[in-house]
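See structure below.
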Amino acid sequence: MLWDKQDLVNTHQDWLAEEVPVALVYNGISHVVMMASPKDLQAFALGFSLSEGIIASPADIYGMDVVPTCNNGLEVQIELSSRRFMGLKERRRALAGRTGCGICGVEQLDDVVRPIPSLPFSQQFSLSKLDAGIESLRGYQPVGQLTGCTHVAVWLDEQGQVSGGYEDVGRHVALDKLLGQRSLAGWSDGAALVSSRASYEMVQKAAMCGVEILFAVSAATTLAVEVARRCNLTLVGFCRPGRAMVYTHPQRLLP
């Protein structure tokens, strides 16, 4: 119910975005639980697996099912190749029982920002094409238009046209969904555009999936800029029609 101080008698119906716990379960072992919108979860699981370095390509996943679980939650049951599952178990074993600074259960600050291979300089993007992508964001955010409660991530081709996009209540999840679909569709030329700020996790996820250019509607953090500089990612924030703030590696950007 929406209350309006100008009208104390009438009430109005409002829309709410759905948010549910989603568990990613690899070969029967639950790895992480995220709060997410309950759609496009296979794309999310694929993108998360790629951006976290659990798999190197979609071929490392042999099967995937989404099943309901307790407390209105959902499980994405993922069958990994034996080699990738062994690597995941080794990572979990290395993190188990650690004590220290308490950031996400890791012991050293170096563990927060994972090593990322340096990106090549194979992409270019004309800033004059960015406005078309920004104007297209709302079309890929139907729940957000009703609720004002979601983020969206889209892939822009070289002409600034949207190849595809995903929304979610979580900005990281929206990006993971996009990265998952990108890996299946083979989108390579172009750039990612997100409706949120650019934190270091967003930069890290994009770079782990080979994205060379990341546009963000809002600001970037200092750590995001540092990570982008180190891994050769072109990071651009405050993207608005006719303007943008270039933080790192401007050589990929054309007028």
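Atom set for the values below is all heavy atoms of this structure, side chains included, hydrogens, waters and symmetry mates excluded. These figures come from a predicted structure and were not determined experimentally.
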Using modelled atom types and a 3.5 Å cut-off, is there a donor and acceptor pairing between side-chain atoms of [X] and backbone atoms of [Y]?
X	Y	result
Thr248	Leu233	yes
His249	Arg229	yes
Asp157	Gln159	yes
Asp131	Gly242	yes
Gln204	Val227	no
Ser30	Val25	no

Closest approach of [X] and [Y], non-hydrogen atoms and distance?
X	Y	result
Gly144	Thr150	CA-OG1, 3.1 Å
Val169	Glu18	CG1-O, 3.9 Å
Met35	Asp168	O-OD1, 4.4 Å
Trp155	Arg182	CH2-NE, 3.4 Å
Ala45	Val76	CB-CG1, 3.6 Å
Ala36	Val22	CB-CG2, 4.1 Å

(Q) Which residues pass the ring-ring contact (aromatic ring centres under 6.0 Å, His included) test with Phe125, not counting sequence neighbours? (A) Phe215

Rounded distance (nearest 0.5 Å) linking atom [atom1] of [X] with atom [atom2] of [Y]:
X	Y	atom1	atom2	result
Leu253	Leu127	CG	CG	5.0 Å
Phe85	Glu90	CZ	CD	11.0 Å
Ile134	Lys129	CD1	NZ	14.0 Å
Ser51	Glu201	OG	CD	11.0 Å
Leu193	Leu175	CG	CG	11.0 Å
Ser183	Ile55	OG	CD1	7.0 Å

If two hydrophobic side chains count as joined below 4.5 Å and joins carry through other members, does [X] share a cluster with [Y]?
X	Y	result
Phe48	Leu80	yes
Leu156	Leu179	no
Val33	Val20	no
Val236	Phe238	no
Leu50	Leu41	yes

Q | From CA spacing to verdict: side-chain contact (heavy atoms from CB on, under 4.5 Å), Ser199, Arg171 | A | CA-CA 10 Å; Ser199 62; Arg171 56 193 171 91; 3.0 Å; yes

(Q) Tell me every residue that passes side-chain hydrogen bond (donor to acceptor under 3.5 Å, both in side chains) with Asp189, counting only those two or more places apart in sequence or in another chain. (A) Gln123

Q. Using the ring of each side chain (for Trp, its six-membered ring), is Tyr26 parallel, tilted or perpendicular to His31, with breaks at 30° and 60°?
A. perpendicular

Q: Starting from the C-alpha separation in whole Å, work towards a yes-or-no answer on side-chain contact (heavy atoms from CB on, under 4.5 Å) for Glu52 and Val32.
A: CA-CA 11 Å; Glu52 293 294 316; Val32 67; over 6 Å; no

Close side-chain approach of [X] and [Y], heavy atoms under 4.5 Å:
X	Y	result
Asn232	Arg252	yes
Val194	His151	no
Cys239	Leu130	yes
Pro58	Leu46	yes
Val211	Lys205	no

Q: May I ask you to say whether Glu167 pairs ionically with Lys39, meaning some side-chain N is under 4.0 Å from a carboxylate O?
A: yes

Q | Lys/Arg N to Asp/Glu carboxylate O, Arg230 vs Glu226, below 4.0 Å | A | yes

(Q) I'd like to know if the side chain of Ser122 pairs up with that of Glu212 as donor and acceptor (distance under 3.5 Å, no hydrogens or angles considered). (A) yes

Q: Tell me, with the steps shown, if Gln181 and Trp187 meet side-chain contact (heavy atoms from CB on, under 4.5 Å).
A: CA-CA 9 Å; Gln181 181 58 34; Trp187 302 326; 3.7 Å; yes

(Q) Gln77 vs Glu75, test: side chain to side chain donor-acceptor pair (under 3.5 Å). Steps then yes/no. (A) CA-CA 6 Å; Gln77 299 176 350; Glu75 276 189 5; 3.1 Å; yes

Q: Check the pair Arg240, Val217 against side-chain contact (heavy atoms from CB on, under 4.5 Å), reporting the backbone distance first and the verdict last.
A: CA-CA 7 Å; Arg240 302 287 192 276; Val217 168; 3.2 Å; yes

Q: Let me see the working for Ser49 and Arg84 under side chain to side chain donor-acceptor pair (under 3.5 Å), right down to the final yes or no.
A: CA-CA 10 Å; Ser49 301; Arg84 288 294 171 178; over 6 Å; no

